[in-house]
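Here's the structure, in structure tokens; my notes come after.
Here the structure is a predicted model, which is why all the values come from computation and not from measurement.
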Amino acid sequence: MKKSKLLFCTLGLFFPGSGLNCFYLQGLKSFWAWVQLFALIGGLAGWTILKAAHFHSAPGWVMAVFGFIAIEASWLTTITFGLRPDEKWDAQFNPGIEESKRTRSGWPVILTVIFSLVFGAGVMMTFLAISFEQFFISQIYEAKKLSQ
């Protein structure tokens, strides 16, 4: 069965961290797909803990970071595999494919790569802004406790 680069990139773009793009390529035996999926579930649990604890939970932050890494890794693999030359893609995922059925990616694949880059950068900046804000808020809180 032919593996489509466009479908792989679309899964990575629209379902980041779920591992669906890796499951598409390697099936249920994909180690990295399972890692991404469990990290995403842990990240969602961590975010829930953080919201309940008003962002004052170390385990919640650790779990949220794992979810964040899973999402960013998915977008990064979309960028990496989307920019891979079609010949290399076919050699790895479609060996022995007929000439008429070879991968010919075009603008749709490039657009998934562009949007993965935009979303990845936006989510990363947002996550870093929230993290630094909470860090400095905690420092101010601790300084107030020391001054009393």
Side-chain angles (χ1 to χ4, degrees), residues 1-94 103-148:
M1 183 173 133
K2 180 183 175 192
K3 302 291 184 182
S4 167
K5 188 194 293 189
L6 177 59
L7 182 55
F8 174 84
C9 291
T10 303
L11 289 170
L13 174 63
F14 291 114
F15 301 102
S18 66
L20 287 177
N21 53 354
C22 295
F23 282 130
Y24 170 69
L25 284 183
Q26 299 176 332
L28 294 177
K29 66 180 180 179
S30 174
F31 173 76
W32 291 113
W34 288 109
V35 169
Q36 277 188 13
L37 183 60
F38 288 131
L40 180 66
I41 292 168
L44 293 173
W47 183 253
T48 304
I49 292 169
L50 283 174
K51 299 260 310 185
H54 303 289
F55 295 98
H56 296 295
S57 170
W61 276 109
V62 170
M63 292 169 67
V65 166
F66 282 125
F68 166 75
I69 291 171
I71 291 171
E72 290 292 328
S74 182
W75 282 324
L76 184 60
T77 57
T78 299
I79 294 167
T80 304
F81 283 102
L83 293 177
R84 178 180 285 201
D86 292 339
E87 297 79 29
K88 271 182 99 173
W89 173 268
D90 283 335
Q92 185 173 1
F93 300 112
N94 299 318
T103 301
R104 289 181 182 80
S105 57
W107 280 106
V109 172
I110 297 303
L111 289 174
T112 62
V113 168
I114 290 169
F115 285 117
S116 292
L117 179 62
V118 169
F119 292 156
V123 168
M124 182 179 290
M125 288 186 285
T126 302
F127 186 82
L128 290 174
I130 291 171
S131 300
F132 287 130
E133 176 191 33
Q134 292 305 312
F135 172 75
F136 290 119
I137 286 173
S138 71
Q139 295 301 307
I140 292 170
Y141 179 73
E142 292 299 322
K144 282 183 182 178
K145 281 185 6 185
L146 283 175
S147 68
Q148 291 177 354

Shortest non-hydrogen contact from Gly82 toward Val113
CA-CG2, 3.7 Å
Look up atom CG in Leu40 and atom CE in Met63, then write down how far apart they are to the nearest 0.5 Å.
11.5 Å
Would you call Lys5 and Asp86 a salt bridge, using N to O less than 4.0 angstrom?
yes
What's the spacing between Cys22 SG and Leu28 CG if we round to 0.5 Å?
12.5 Å
Between Thr103 and Ser105, is there a donor-acceptor pair closer than 3.5 Å when you use the side chain of the first and the backbone of the second?
no
Just by modelled atom types, is the Gly19 backbone N or O under 3.5 Å from a matching donor or acceptor in the Tyr24 side chain?
no
Which word best sums up how the rings of Phe81 and Trp89 line up, parallel for under 30°, tilted for 30 to 60°, or perpendicular for over 60°?
perpendicular
Rounded to the nearest 0.5 Å, the CH2 atom of Trp107 sits from the OG1 atom of Thr112 at a distance of 12.0 Å
Applying side-chain hydrogen bond (donor to acceptor under 3.5 Å, both in side chains), name anything that partners Gln92, two or more places apart in sequence or on another chain.
Arg84
Can you name the closest pair of heavy atoms from Phe8 and Thr77 and give their distance?
CE2-O, 3.9 Å
Straight-line distance of Glu142 CD to Gln139 CD, nearest 0.5 Å:
7.0 Å
Evaluate whether atom NZ of Lys2 has more than 12 neighbouring non-hydrogen atoms of other residues, nucleotides or ligands under 6.0 angstrom away.
yes
Mutual orientation of the aromatic rings belonging to Phe55 and Trp61 [parallel < 30°, tilted 30-60°, perpendicular > 60°]
tilted
Does any N or O in the side chain of Ser30 come within less than 3.5 Å of the main-chain N or O of Gly27, such that one atom is a donor and the other an acceptor?
no
May I ask you to test the Asn21-Ser74 pair for a side-chain heavy-atom distance under 4.5 Å?
yes
Non-hydrogen side-chain atoms of Phe23 and Trp34 separated by less than 4.5 Å:
yes
Provide the closest heavy-atom pair for Met124 versus Glu72 in the form atom of the first, atom of the second, distance.
N-OE2, 3.5 Å
Return the CZ to CD1 distance between Phe66 and Ile41, rounded to the nearest 0.5 Å.
14.5 Å
Quick one: pull up CD in Gln36 and CD1 in Ile71 and give me the separation to the nearest 0.5 Å.
10.0 Å
Please check if the side chain of Trp75 supplies one atom and the backbone of Leu13 the other of a donor-acceptor pair under 3.5 Å.
yes
Which heavy atom of Ser116 sits nearest a heavy atom of Thr78, and at what distance?
OG-CG2, 3.1 Å
Heavy atoms of Leu50 and Ser57 approach each other most closely as CD2-O, 3.5 Å
